[in-house]
Amino acid sequence: MSNALNQLKQATTVVADTGDFQAIAAFLPQDATTNPSLILKAVQKPQYMPLLEQIKLKHGHEPLELQTDRLLVTFGTEILKIIPGRVSTEVDARLSFDTQATIARARRIVSLYKTEGIDTEKRLLIKIASTWEGIQAAKVLEAEGIHCNLTLLFSPIQAHACAHAGVRLISPFVGRIYDWFKKSAGGAWDEAANAGVNDPGVKSVRRIYAYFKQNDIRTEVMGASFRNAGQIKALAGCDLLTISPELLAELQADDSLLNLELGTEWALAQPRETFPEGEAAFRYELNADAMGTEKLAEGIRAFVKDSITLDGLLKA
């Protein structure tokens, strides 16, 4: 019998969640996702420092934000030499509440990839935080043929707004939802009772997946941010799953039988939901979701912090 990773690849598009292209080459995923934190982690490894030095040498006279975009695109271009599918490259999280600036930055990233000879319509996803402003930016970009991956997604209302905007792909987070509920429960947390399909993060993705399939929404659902292999297994059959190299290695070493958890038939058997439309309803619903509100804000802060650190490395 093949290992759990190979079994998963039969049911789900497996995506590598890393900026380390040597790690990507080891697991042969279809796609890869990056973000400021992952690029920062990669660029501090000795084998990737030359990429940073090269940008500083050739483009050190340019504005810092352009140098950063060049660095992200350099990583993305290298990753695309390894994988057959798409790479996700993130717009600066400092623009998360500025629709027009997000659109402008996304267009620039696309043009940098085109300069490298990349077919951006087929091979690139622009990653944007799932704020109201970010979703509106994605709506404009999608209409131009620039496909988007809406990240930092914690609440079903965010998923609904993304679907309504015609976004190509969403990344609902699993591990960070799990973290929030575990922290909130404190000493009362029961790990066994909240594992697998009962994991709060897993439940959130399953709920979104069911809603999308029931309503024939074409937006792809990609579970993200995993803390353990059990969360991944509980989402086998999801459109895509983006997984860190550590958990890819764990799945590769696991010879147990993997059950198919999600599919259209499963989704159609789930309870049906509806969500309100428009900005006011979006803000109200997200505000009513304490976990979603807190994790979105925290996620943006963390990405901004790492973007500032990355700026510092380019300036140094």
Side-chain angles (χ1 to χ4, degrees), residues 4-5 8-9 11-18 29 31-35 37-38 88 90 125 127 129-130 149-160 162 167 169-185 189-213 219-251 254 258-263 266-267 270 286 289-300 302-303:
L5 179 57
L8 185 64
K9 284 179 179 178
T12 291
T13 298
V14 170
V15 180
D17 196 16
T18 178
D31 291 1
T33 56
T34 66
N35 63 42
S37 308
L38 294 173
S88 289
E90 191 139 353
L125 292 171
K127 242 175 140 176
S130 301
N149 168 358
L150 273 282
T151 188
L152 295 176
L153 195 147
F154 303 97
S155 185
I157 194 66
Q158 291 173 289
H160 169 72
C162 288
V167 166
L169 181 146
I170 59 167
S171 294
F173 279 35
V174 176
R176 297 192 198 190
I177 294 178
Y178 161 88
D179 294 344
W180 190 90
F181 280 97
K182 186 174 179 176
K183 188 179 174 185
S184 298
W189 178 259
D190 183 336
E191 189 65 40
N194 290 290
V197 296
N198 297 318
D199 182 300
V202 168
K203 287 201 302 204
S204 176
V205 177
R206 286 164 73 99
R207 183 180 169 193
I208 291 164
Y209 177 90
Y211 173 70
F212 277 28
K213 297 301 175 242
T219 301
E220 300 166 43
V221 179
M222 180 170 74
S225 145
F226 294 104
R227 296 291 175 261
N228 57 64
Q231 292 172 335
I232 296 164
K233 289 178 174 184
L235 291 172
C238 192
D239 299 333
L240 308 94
L241 296 173
T242 183
I243 306 168
S244 69
E246 295 78 15
L247 288 171
L248 286 169
E250 193 178 319
L251 290 166
D254 181 351
L258 187 74
N259 293 319
L260 185 63
E261 293 288 343
L262 303 186
W266 171 86
Q270 302 311 301
L286 187 56
D289 180 351
M291 177 277 298
T293 298
E294 287 172 32
K295 294 314 272 186
L296 174 60
E298 181 186 276
I300 291 169
F303 282 165

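Side-chain atoms are counted along with the backbone in the values below, which use heavy atoms only and exclude waters and symmetry mates.
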S.K.: Side chain of Ser225, backbone of Arg176: donor and acceptor closer than 3.5 Å?
M.R.: yes
S.K.: For the pair Leu152 and Phe303, evaluate side chain to side chain contact (heavy atoms under 4.5 Å, CB included) and give the outcome as yes or no after the intermediate values.
M.R.: CA-CA 10 Å; Leu152 295 176; Phe303 282 165; 3.9 Å; yes
S.K.: I need the Thr18 OG1 to Leu248 CG distance, nearest 0.5 Å.
M.R.: 9.5 Å
S.K.: Is the backbone of Ser130 close enough, under 3.5 Å, to the side chain of Gln158 for a donor and an acceptor to pair up by distance?
M.R.: yes
S.K.: Hey, could you give me the CD1/OG1 distance between Ile170 and Thr219, rounded to the nearest 0.5 Å?
M.R.: 7.0 Å
S.K.: Looking only at heavy atoms, which two atoms of Val205 and Gly223 are closest? And how far apart?
M.R.: CG1-CA, 4.5 Å
S.K.: For the atom pair OG1 (Thr13) and CG (Leu240), what is the distance rounded to the nearest 0.5 Å?
M.R.: 4.5 Å
S.K.: For the residue pair Tyr209 and Leu235, establish whether any side-chain heavy-atom pair is separated by less than 4.5 Å.
M.R.: no
S.K.: Please confirm whether the backbone N or O of Asp17 pairs with a side-chain atom of Ser244, one donor and one acceptor, at under 3.5 Å?
M.R.: no
S.K.: Applying the side-chain contact (heavy atoms from CB on, under 4.5 Å) test to Glu90, which of Thr151, Thr33, Thr34, Leu38 qualifies?
M.R.: Thr151
S.K.: Given the rule in the side chain to side chain contact (heavy atoms under 4.5 Å, CB included) test, do Leu8 and Ile243 qualify, once you have shown the distances and angles that lead to the verdict?
M.R.: CA-CA 12 Å; Leu8 185 64; Ile243 306 168; 3.8 Å; yes
S.K.: Using the test ring pair (Phe, Tyr, Trp, His ring centres under 6.0 Å), find all partners of Trp266 that sit at least two apart in sequence or belong to another chain.
M.R.: none
S.K.: What is the distance from atom CG of Leu150 to atom OG of Ser88, rounded to the nearest 0.5 Å?
M.R.: 10.5 Å
S.K.: Got a sec, which pairs hit salt bridge (Lys or Arg N to Asp or Glu O under 4.0 Å) with one end in residues 219-244, sequence neighbours left out?
M.R.: Arg86-Glu220, Asp179-Arg227, Lys213-Asp239, Lys233-Asp254
S.K.: Are Lys295 and Ile177 close enough that some pair of their side-chain heavy atoms sits under 4.5 Å apart?
M.R.: no
S.K.: Is any side-chain heavy atom of Leu153 closer than 4.5 Å to one of Ile208?
M.R.: yes
S.K.: Can any side-chain N or O of Glu261 pair as donor or acceptor with the backbone N or O of Arg206 at less than 3.5 Å?
M.R.: no
S.K.: Is Trp189 close to Phe181 at the side-chain level, that is, under 4.5 Å between some pair of heavy atoms?
M.R.: yes
S.K.: For the residue pair Phe154 and Asp289, establish whether any side-chain heavy-atom pair is separated by less than 4.5 Å.
M.R.: no
S.K.: Any idea which heavy atoms bring Val202 and Ala234 closest together, and the distance?
M.R.: CG1-CB, 3.7 Å
S.K.: What is the minimum heavy-atom distance between Pro172 and Val221, and which atoms define it?
M.R.: CG-CG1, 3.9 Å
S.K.: Of all heavy-atom pairs between Gln231 and Val174, which one has the smallest distance, and what is that distance?
M.R.: CD-CG1, 3.8 Å
S.K.: When rounded to the nearest 0.5 angstrom, what distance separates CG in Leu241 from OG1 in Thr12?
M.R.: 5.0 Å
S.K.: Are any side-chain N or O atoms of Thr242 and backbone N or O atoms of Ala224, one a donor and one an acceptor, separated by less than 3.5 Å?
M.R.: no
S.K.: Measure the spacing between OG1 of Thr293 and CD of Glu298 and express it to the nearest 0.5 Å.
M.R.: 12.5 Å
S.K.: Any side-chain heavy atom of Glu294 sitting closer than 4.5 Å to one from Trp180?
M.R.: yes
S.K.: Work out which heavy atom in Leu260 is nearest to a heavy atom in Gly237; give both atom names and the distance.
M.R.: CD1-CA, 3.5 Å
